[in-house]
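First the structure, in the form of structure tokens, and then the observations on it.
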Amino acid sequence: MSAGTYTNPVLDADWSDPDVVRVGDDFYLTASSFGRAPGLPLLHSRDLVNWTLVGHALERLEPAEEFATPRHDCGVWAPSLRYHDERFWIFWGDPDQGVFQINAPGIRGPWTRPHLLKAGKGLIDACPLWDEETGEAYLVHAWAKSRSGVKNRLTGHRMRPDGTGLLDEGKVIVDGDRIPGWFTLEGPKLYRHDGWFWILAPAGGVETGWQGAFRSRGFFGPYEERIVLEQKDTEVNGPHQGGWVRTPSGEDWFVHFQQRGPYGRVVHLQPMSWGPDGWPVVGDDGAPVTVHRRPALPPQPPAAPATDDDFPGGRFGRQWQWTANPGEGWATQHSGDGLRLTCLRSAHAHDLRVLPNVLTQRLPGTPCAAEVELRLDSDEPGARAGLAVLGDAFSWIGLQRGPDGTAQLVHRFAEGAAEAERDAAHPRLAPEGRARLRIDIGPNARCRFSADTGDGFRPSGPVFAATPWRWVGALLGLVALAPSGPGHAGAATFTRFRLTPS
């Protein structure tokens, strides 16, 4: 890649369903976070190519008790990020509850608590619009058939300008069933441009779909449609669902995702222009670009969301999320470096997929090695801690305290249909109760596990192919557990987490 170009994807990990907004010279992006906490990641860029993670807008999911255990495919779906009236706004649909809204005076908050704007099952992918010319406000959302029995249509509402309520019962403004060949219409983003109401919305499914554009002189329609981005003869499957942004100099760009199996939905940046007929032209005449001229913006140093962590004072970086709302005392702060995780007692210690206390970050989309140092600070028989690759199937390597008090290196896995883990390699002694753990993540997310218990790294078990959940890419995780029983079960300390390119 030359200094004047960029290469897609610009975010090579699972930043699902991205939306983007510009405020002054700064660009901000948010993405789906589903059932993980904190939710609604907030990313910042000055050039649309280099992004850093600056925080999260949603500290905990609500109602808190419903997200006390993992709901991997639920929660925050396809948020929209906007700036209006000197505030940032995020709207999203929770498929089981309805449309929520939060807002803040600055991107780092403080963010309001979630406000339920429209209750109902299957309401997803909400996006607001404030019409600066008329002072009117609108909302559009899609439907999840799994909850409502309805899909492939977009519903529009007039909204109170303060974003606190809707002013009508809603009307179907685009019915995908009436458009030949269209299915699974969803993810709408609503704009005003050149005297038209525009809805940029994907269809065709996450792996194989396309990006549509709809326009109408009136918000409630009728809308005409066009496909503006599709795979064509490229290797980028299903390029769709994202947001349009304009730079200070007037350049237009479109940010969208590509579904990449266990890596989830990685983020691409496409050039965008307006054709002589007034319709948007995205990518290379409607096909996604791989390498392209950078946006005409001031040069920025290379940057990417953080991955490495020394856990100073026992605190973990912004890149980490729990698999559910966190509880008190899961991670203990202290005066040194290292993440001290409590070995939480659980009747489900045999299945990482149902545990809320797995601390995760996204699986990188390029080959790399994940490495961390572990010390098991627990004498409780059955207490364990380790490094995991977590999805519909999972595998982890780490330390477990034996009934005789010895520490053992264990490596376990579970297939997607399995209800409990089993050994992926024979346990071996870890005399000092310490280990360096490593996962080499190769092409197609094929993972090779190894560990060093004092005599150098030795491979463990067969290769493990990471798998996603239904809508979520695979995750890297740190976990500490103990079997059910009374009393405190000790802790485990993780130090020097590193991701290094292969």
Side-chain angles (χ1 to χ4, degrees), residues 308-311 314 316 330-332 334 336-346 348-352 355 357-361 368-390 394-414 420-441 447-464 476-485 487-500:
D308 296 355
D309 208 340
D310 287 323
F311 310 108
F316 49 85
W330 288 8
T332 306
H334 54 93
D337 289 348
L339 176 67
R340 189 173 296 164
L341 292 184
T342 300
C343 292
L344 288 184
R345 294 189 179 276
S346 174
H348 304 288
H350 56 277
D351 191 347
L352 302 188
L355 298 174
N357 60 309
V358 186
L359 192 62
T360 66
Q361 64 168 279
C368 65
E371 190 173 318
V372 71
E373 299 174 10
L374 168 65
R375 185 181 73 234
L376 185 58
D377 301 320
S378 172
D379 296 324
E380 179 76 13
R384 66 201 72 169
L387 171 65
V389 175
L390 186 62
F394 69 88
S395 186
W396 69 279
I397 191 167
L399 299 175
Q400 177 170 316
R401 190 67 63 181
D404 60 355
T406 60
Q408 293 181 320
L409 179 79
V410 296
H411 178 194
R412 300 200 173 112
F413 78 103
E421 65 188 17
R422 55 195 179 100
D423 285 328
H426 293 293
R428 68 175 194 256
L429 286 177
E432 303 300 322
R434 297 171 177 262
R436 294 168 63 202
L437 309 173
R438 182 180 174 99
I439 305 174
D440 287 282
I441 306 160
C447 302
R448 295 189 176 275
F449 290 72
S450 59
D452 174 9
T453 57
D455 53 357
F457 275 103
R458 294 164 57 184
S460 179
V463 68
F464 173 79
L476 291 169
L478 304 176
V479 65
L481 300 166
S484 297
H488 186 66
T493 301
F494 296 87
T495 53
R496 283 187 52 81
F497 181 90
R498 294 290 183 271
L499 277 179
T500 53

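Since we're looking at a predicted model, the values are computed, not measured. Heads up: numbering here begins at 1 and tracks the sequence.
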Exercise. How long is the span from the CZ atom in F311 to the CZ atom in F497, to the nearest 0.5 Å?
Worked result: 7.0 Å
Problem set entry | Verdict with supporting geometry, L387 and F494, side chain to side chain contact (heavy atoms under 4.5 Å, CB included) | CA-CA 9 Å; L387 171 65; F494 296 87; 5.6 Å; no
Problem set entry | Of C447, C368, S450, the residue whose pairing with I439 passes side chain to side chain contact (heavy atoms under 4.5 Å, CB included) | C447
Exercise. Where do F394 and E421 come nearest, in terms of heavy atoms and distance?
Worked result: CE1-OE1, 3.6 Å
Exercise. Below 4.0 angstrom, N of the basic side chain to O of the carboxylate: do R498 and E371 qualify?
Worked result: no
For this session: Verify, without hydrogens or angle tests, whether H411 (side chain) and I397 (backbone) share a donor-acceptor contact under 3.5 angstrom.
Result: no
For this session: Taking the side chain as every heavy atom from C-beta outward, state whether V479 and L341 have any atom pair closer than 4.5 Å.
Result: no
Exercise. Are any of the side-chain nitrogens in D377 or R434 under 4.0 Å away from the carboxylate oxygens of its partner?
Worked result: no
Problem set entry | D309 and F316, any side-chain heavy atoms less than 4.5 Å apart | yes
Problem set entry | Verdict with reasoning, L478 to L374, per side chain to side chain contact (heavy atoms under 4.5 Å, CB included) | CA-CA 10 Å; L478 304 176; L374 168 65; over 6 Å; no
Seminar exercise, completed: Heavy atoms of A492 and C343 approach each other most closely as N-SG, 4.2 Å
Exercise. Per the side chain to side chain contact (heavy atoms under 4.5 Å, CB included) rule, which among V372, I441, L390 passes with L476?
Worked result: I441
For this session: Please confirm whether the backbone N or O of V389 pairs with a side-chain atom of S395, one donor and one acceptor, at under 3.5 Å?
Result: no
Exercise. Is there a donor-acceptor contact under 3.5 Å linking the side chains of Q400 and R412?
Worked result: yes
Exercise. With distance as the sole test, does R401 use its side chain to make a donor-acceptor pair with the main-chain N or O of L376 at under 3.5 Å?
Worked result: yes
For this session: Inspect the surroundings of CZ in R345 and state if more than 12 heavy atoms from other residues, nucleotides or ligands are less than 6.0 Å away.
Result: yes
Exercise. Under 6.0 Å from the NE2 atom of H426, do we count more than 12 heavy atoms belonging to anything else shown?
Worked result: no
Exercise. For the atom pair CG (L409) and CG (L429), what is the distance rounded to the nearest 0.5 Å?
Worked result: 10.0 Å
For this session: Give a yes or no on whether H348 atom NE2 has more than 12 heavy-atom contacts from other residues, nucleotides or ligands under 6.0 Å away.
Result: no
Exercise. Does any non-hydrogen side-chain atom of T495 lie less than 4.5 Å from one of D310?
Worked result: no
Problem set entry | Minimum-distance pair of heavy atoms, taken over all atoms of A349 and A482 | CB-O, 4.4 Å
For this session: Would you mind reporting whether T342 and T332 have side-chain heavy atoms less than 4.5 Å apart?
Result: yes
Exercise. Has the side chain of N357 got a donor or acceptor atom that lies under 3.5 Å from a matching backbone atom of A480?
Worked result: yes
Problem set entry | Taking every non-hydrogen atom, the tightest pair across A383 and S378 | CB-OG, 3.2 Å
Exercise. Tell me, do L355 and L481 make a side-chain contact under 4.5 Å, heavy atoms counted?
Worked result: yes
For this session: Any chance you could lay out the side chain to side chain contact (heavy atoms under 4.5 Å, CB included) test for L499 and Q361, step after step, and finish with the verdict?
Result: CA-CA 11 Å; L499 277 179; Q361 64 168 279; 3.9 Å; yes
For this session: For side chain to side chain contact (heavy atoms under 4.5 Å, CB included), just list the numbers for F449 and R438, CA-CA rounded to whole Å, side-chain angles, deciding distance to a tenth of an Å, and then say yes or no.
Result: CA-CA 6 Å; F449 290 72; R438 182 180 174 99; over 6 Å; no
Exercise. Does the side chain of W396 come within less than 4.5 Å of L437's, by heavy atoms?
Worked result: no
Problem set entry | Least distance between heavy atoms, A425 atom then S460 atom | CB-OG, 3.3 Å
For this session: Measure from the side-chain N and O atoms of R375 to the backbone N and O of E373, and report whether any donor-acceptor pair falls under 3.5 Å.
Result: no
Exercise. Which pair of heavy atoms, one from V358 and one from G477, lies closest together, and at what distance?
Worked result: CG1-CA, 4.1 Å
For this session: For R428, look at atom CZ and say whether over 12 heavy atoms of other residues, nucleotides or ligands are found less than 6.0 Å away.
Result: yes
